[in-house]
Amino acid sequence: MSAGMGWWLALLLAVLAALVRALRRRGVKQVPAVAEAPGASSSRLTAEPHMSWSLDLLRQLEWARVEELCEGLWKARGHAAVRQPPGPARGAADIVVGEPGNADRVHALLRCEPFINGVAGPDQLEALHRAAGEQAAPLAVFYALAGFTEEAVQYAVGTPLQLRSAAELFAELCALPEEPQLELLDEITYGDYMTPSCPRCGEKLLRQHGIEGRPAWWGCPRFPACRGRI
């Protein structure tokens with residue numbers, strides 16, 4: 001292929017990619033394709049397309065999408081960022097961030113909590129702080145979209161911990177150039193971004209009715225092979 005043909009092909013692919021992103025933002029409602037298990041309640045919410053980031057959107061994200069968003073945010077800043085796989089062996093940090101140009105050197109540890117988990121307390125911050133010390137990370141960032149207790153705020157004083165609520169995460173997203181913002185928006189809001197994922201295997205959970213007055217819960221559709229639940 002000639003250099004001229006290669007240039008035109010690259011341009012065509014870029015235009016097609018932009019068109020796909022635009023159609024996703026303007027398209028129809030996104031309905032999850034995974035069928036409910038027999039006997040389970042239909043609990044998956046239909047996701048509306050979004051044209052831009054908002055606090056309301058951030059508060060709707062399930063835990064795995066919050067992690068994916070924070071990972072993508074730091075990558076857009078030029079860092080190597082790696083999410084830790086789901087499972088019981090996961091530590092206090094959800095994401096390990098490397099230094100720009102030196103991915104093997106830990107720059108920061110991230111912990112990400114969705115809005116539905118409520119405010120974060122000092123015990124959660126202490127676990128991340130301890131993990132940062134063990135890995136010699138100069139920075140630890142705790143994203144708790146519902147905010148923090150007063151005790152947690154006081155605990156962070158004088159430590160390498162930085163606290164980020166939904167408002168601060170929103171500000172960080174708005175500080176990105178427009179193109180990375182929109183690319184992240186497409187990635188995070190594609191498909192079912194509200195139903196929680198299994199903390200053990202990553203599959204979308206199913207809402208189960210409690211028996212004999214017990215509260216409802218989220219269970220893994222792969223049960224009994226996977227016993228993940230929330």
Side-chain angles (χ1 to χ4, degrees), residues 17 21 24 30 47 50 52-55 57-117 120 124-125 127-129 131-132 134-146 160-205 228 230:
R21 291 195 296 269
R24 283 182 182 174
Q30 301 168 9
H50 293 271
S52 62
W53 288 106
S54 69
L55 286 175
L57 172 57
L58 291 177
R59 289 166 180 155
Q60 295 178 51
L61 299 179
E62 58 110 352
W63 69 267
R65 296 298 175 99
V66 174
E67 290 184 8
E68 291 171 9
L69 172 59
C70 294
E71 178 188 29
L73 170 66
W74 283 78
K75 284 182 175 178
R77 292 169 169 171
H79 292 268
V82 180
R83 285 182 65 212
Q84 302 306 293
R90 175 185 276 209
D94 299 319
I95 301 167
V96 178
V97 177
E99 289 187 352
N102 187 2
D104 294 331
R105 188 183 180 104
V106 177
H107 173 73
L109 298 183
L110 312 183
R111 174 77 176 266
C112 312
E113 295 288 345
F115 185 81
I116 196 172
N117 281 11
Q124 294 164 284
L125 269 66
L128 182 62
H129 187 196
E134 292 171 353
Q135 298 194 42
L139 177 65
V141 185
F142 202 120
Y143 290 92
L145 301 197
L161 290 168
Q162 294 186 6
L163 310 186
R164 300 284 190 272
S165 66
E168 280 96 23
L169 176 55
F170 177 67
E172 288 183 296
L173 288 168
C174 291
L176 291 176
E178 182 179 7
E179 187 64 21
Q181 278 193 53
L182 296 180
E183 288 178 355
L184 270 175
L185 183 66
D186 289 339
E187 293 172 8
I188 301 306
T189 62
Y190 184 74
D192 180 7
Y193 57 81
M194 290 184 280
T195 299
S197 301
C198 177
R200 286 180 174 266
C201 70
E203 289 284 338
K204 286 293 182 181
L205 297 177
I230 294 179

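The figures here come from the full heavy-atom set of this structure, side chains too, leaving out hydrogens, waters and symmetry mates. Note that the numbering runs from 1 along the sequence shown for the chain. These numbers were taken from a predicted model, which means no experiment stands behind them.
- Shortest non-hydrogen contact noted between Pro138 and Pro160 is O-CB, 3.5 Å.
- In this structure the side chain of Gln60 reaches within 4.5 angstrom of the side chain of Tyr193, judged on heavy atoms.
- Nearest heavy-atom pair, Leu205 versus Gly228, reported as atom, atom and distance to 0.1 Å: CD2-O, 4.2 Å.
- Within the 4.5 Å cutoff, no side-chain heavy atoms of Arg111 are placed close to those of Tyr143.
- Between Leu58 and Phe170, the closest side-chain pair of non-hydrogen atoms falls below 4.5 Å.
- Remark: the backbone N or O of Gly98 is paired with a side-chain donor or acceptor of His79 at under 3.5 angstrom.
- Closest approach of Arg65 to Ile188, counting heavy atoms only: NH1-O, 2.5 Å.
- The distance from atom CG of Leu110 to atom CZ of Arg164, rounded to the nearest 0.5 Å, is 10.0 Å.
- Scanning all heavy atoms of the two residues, the minimum distance from Ala120 to Leu125 falls at CB-CD1, 4.4 Å.
- Residues Ser52 and Leu185 share a closest heavy-atom pair of N-CD2, 3.6 Å.
- In terms of modelled atom types and a separation under 3.5 Å, the side chain of Asp192 and the main chain of Met194 share a donor-acceptor contact.
- Annotation for Pro199 and Pro86: closest pair O-CB, 3.3 Å, computed over non-hydrogen atoms.
- At distances below 3.5 Å, at least one donor-acceptor pair connects side-chain atoms of Glu168 with backbone N or O atoms of Ser165.
- Contact check for Val66 versus Asp94: no side-chain heavy atoms found under the 4.5 Å cut-off.
- Taking CD of Glu172 as the start and CG of Leu73 as the end, the distance is 5.5 Å to the nearest 0.5 Å.
- Atom CZ of Arg77 has more than 12 heavy atoms from other residues, nucleotides or ligands within 6.0 Å.
- Judged purely by atom type and a 3.5 angstrom limit, Lys204 uses its side chain to pair as donor or acceptor with the backbone of Thr195.
- Counting only distance, with no hydrogens or angles, the side chain of Arg83 and the backbone of Glu71 share no donor-acceptor pair below 3.5 Å.
- Side chain of Glu62 to backbone of Ser197: a donor-acceptor contact under 3.5 angstrom is found.
- In this view, Trp53 satisfies the ring-ring contact (aromatic ring centres under 6.0 Å, His included) rule with no residue, not counting sequence neighbours.
- For the pair Cys112/Cys70, a side-chain contact is recorded, criterion being any heavy-atom separation below 4.5 Å from C-beta on.
- Atoms CD and CD1, on Gln84 and Ile95 in that order, are 8.5 Å from each other to the nearest 0.5 Å.
- Distance CG/Leu109 to CD/Glu134: 9.5 Å, rounded to 0.5 Å.
- Put simply, the side chain of Glu187 reaches to within 4.5 Å of the side chain of Leu184, judged on heavy atoms.
- A salt bridge links Arg90 and Glu67; the closest N-O separation between the charged side-chain nitrogens and carboxylate oxygens is under 4.0 Å.
- With sequence neighbours excluded, the residues satisfying side-chain contact (heavy atoms from CB on, under 4.5 Å) with Ile116 are Pro114.
- Between Leu145 and Leu169 there is a side-chain heavy-atom pair separated by less than 4.5 Å.
- Side chains of Val141 and Leu161 form no contact here, defined as non-hydrogen atoms less than 4.5 Å apart.
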